[in-house]
Amino acid sequence: MNWLVQGLSSSVGKKFVMGVTGLLLCGFLAMHLAGNLLLYVGEETYNAYAHALHSQEWLIKIAEVVLLVLFVGHIALALVLTQENQAARPIDYATRQSKKDTPVLIITPDNWMFVSGVIVLLFLLLHLSEFAWNIWLTEAVKGKEPFEKARIILTDPLSTFVYIVGPAVLGFHLWHGFASAFQSLGLNHEKYTPLITWLGIIFAVLVAVGFASFPIWAWATMETL
Amino acid sequence: MSDTLNLTLKVWRQAGPDQPGEFRVYQLSDVSPDMSFLEMLDVLNEQLLAQGEEPVAFDHDCREGICGCCGLVINGQPHGPLRETTTCQLYMRHFKDGDTIVIEPWRAAAFPVVKDLIVDRTPLDRIIAAGGYVSVNTGQAPDGNAIPVPQEVAEKALDAAACIGCGACVAACKNASAMLFVSAKVSHLALLPQGHPERKKRVLSMVSQMDAEGFGACTNTYECEAACPEGVSITNIARLNREYFKALFA
Ligand code: FES
């Protein structure tokens, strides 16, 4: 096992773990989004889905442990790599100019992965404190069915803001992260890389727009509560 | 005869590795647009000598874009504004009269400044010494067609072999990562049959030496590829990763 630990703690190895954990988390995001989209199908379907999901106690436990490992691994490596990368250039340039062709986005996601990651983490913590740990907005959602609970939380002004900004920053993170993970795994091919890059951008936009649509939906349908 | 240029140069001056450095500003007039960037610095140094000031130390050798010695960060860009061009092949016609040009050395923990604009790039040599070679007994020159290599593979290997080891990839990377350099050397040898016997050992030792030298990791920002005077592609970095995992897991 020593060879594995050693191999994965090199710069190339750490990026490999970063890519694998990142892609698995993308898989989780896709499932999460698909589940949430049931909000649009109807109250009964969504509640049935939520109850069915939470009745699988073992599955939930395993999923939680796996997700925790993925998140902790991804975040811990981000901290280590960022620290090492900064140490690799103790004195910065007086001026800096990219030699790349003009980027599509003015603020390029690839240069802001750590910052966007931190914002996503804060978003995640607030999200969990409301939906999973019930330590925030506790009174308002007591005894409510999942569908109503979601609507109540999402129409809280602070939450509305966070649930729009959070997914937007998450999408920004994925814009670079998705395709970058493939490169870190060594998967670069002249035929498939352009496809992967576009898939990553489409996935990033879908995640951002998909998740950010829920607070807007919650407000739009609030009167019927 | 085109018009000459009057320039303001902001040059990094540092007397030695442990000395503090600073920018000093020099005025240079009547610079011919037909001069190379290094010739412009030669003229500056003549001027400094005449004034009794220490000339600016900068690295150079071939001055024809093949040795990889010259490497300056010009206005924040390694080797200046042109793609696939070394500093020595950059001509002053790409600047305008009245321009201010900021000139800095490569900046990386692994590349300490020796003096002014010269940095110590021996870490790259140590990475090569760690495995960037083929151990064969040299005998007679082998027959050119004795080992068949598909043409597209040969092209890829030669594209990687174009690396001149100048370190612009390190200079351009926000993490001062040497991945493009290492990947070019690993790719060059991994693609060709002669490099196969030592393939696994090579990639593992070169990556481990790269880490030991204190270079950063790759965040797939691809500034290296854009700054590389030889146009070495980041597909080589993916190949380096593949070679590494094959050596690790297989
Ligand atoms: S001096 Fe040799 S490449 Fe510029």
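Keep in mind that what you see is a predicted model, and the values were worked out from it rather than measured.
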*Leading residue by heavy atom contact count with chain A [cutoff under 4.5 Å; candidates A171(B), A247(B), C218(B)]*: A171(B)
*Mind checking the CG-CD spacing from D159(B) to E230(B)? Nearest 0.5 Å is all I need.*
10.5 Å
_Per-residue contact mode, D211(B) against chain A (heavy atom under 4.5 angstrom)_ = side chain
*Residue among L240(B), L204(B), V73(B) with most heavy-atom pairs under 4.5 Å to chain A*: V73(B)
*Please look at L81(A) and chain B and tell me whether the side chain, the backbone, both or neither of the residue comes under 4.5 angstrom of a heavy atom of that chain.*
side chain
*Taking the side chain as every heavy atom from C-beta outward, state whether K174(B) and R96(A) have any pair of such atoms under 4.5 Å apart.*
yes
*Side chain, backbone, both or neither: which part of A172(B) has a non-hydrogen atom closer than 4.5 Å to chain A?*
backbone
*Report the distance from atom OG of S183(B) to atom CD of E243(B), rounding to the nearest 0.5 Å.*
11.0 Å
*Under 4.5 Å, counting heavy-atom pairs only, tell me which of P105(B), A226(B), G214(B) racks up the most with chain A.*
A226(B)
*Where does T219(B) contact chain A at under 4.5 Å (heavy atoms): side chain, backbone, both or neither?*
both
*With a 4.5 angstrom heavy-atom cut-off, which part of Q86(A) approaches chain B: side chain, backbone, both or neither?*
neither
*Over 60° means perpendicular and under 30° means parallel, so classify the ring planes of F178(A) and F203(A), tilted if in between.*
tilted
*Counting only heavy atoms closer than 4.5 Å, note whether A87(A) contacts chain B via side chain, backbone, both or neither.*
backbone
*Side chains of S180(A) and D110(A): donor-acceptor distance under 3.5 Å anywhere?*
no
*Identify the residue among W219(A), F214(A), F123(A) that makes a ring-ring contact (aromatic ring centres under 6.0 Å, His included) with Y163(A).*
F123(A)
*Is the centre of the F211(A) ring less than 6.0 Å from the centre of the H32(A) ring?*
yes
_Engaged part of T193(A) at the chain B interface, taking heavy atoms whose separation is under 4.5 Å_ = neither
*Pick whichever of M113(A), Q6(A), H176(A), M18(A) has the most heavy-atom pairs under 4.5 Å with chain B.*
H176(A)
*asked:* If we count only N and O atoms by modelled type, under 3.5 Å, do the side chains of D120(B) and T122(B) hold a donor and an acceptor together?
replied: yes
*Thinking salt bridges, do R24(B) and D116(B) make one under a 4.0 Å N-O criterion?*
no
*Best-contacting candidate, A109(B), G216(B), A110(B), against chain A by heavy atom pairs under 4.5 angstrom*: A109(B)
*Which bit of N111(A) comes within less than 4.5 Å of chain B, counting heavy atoms only: side chain, backbone, both or neither?*
both
_Structural part of F111(B) lying under 4.5 Å from a heavy atom of chain A_ = neither
_Distance check, rounded to the nearest 0.5 Å: N75(B) atom CG versus E104(B) atom CD?_
9.5 Å
*Toward chain A, the part of Y244(B) with a non-hydrogen atom under 4.5 Å*: side chain
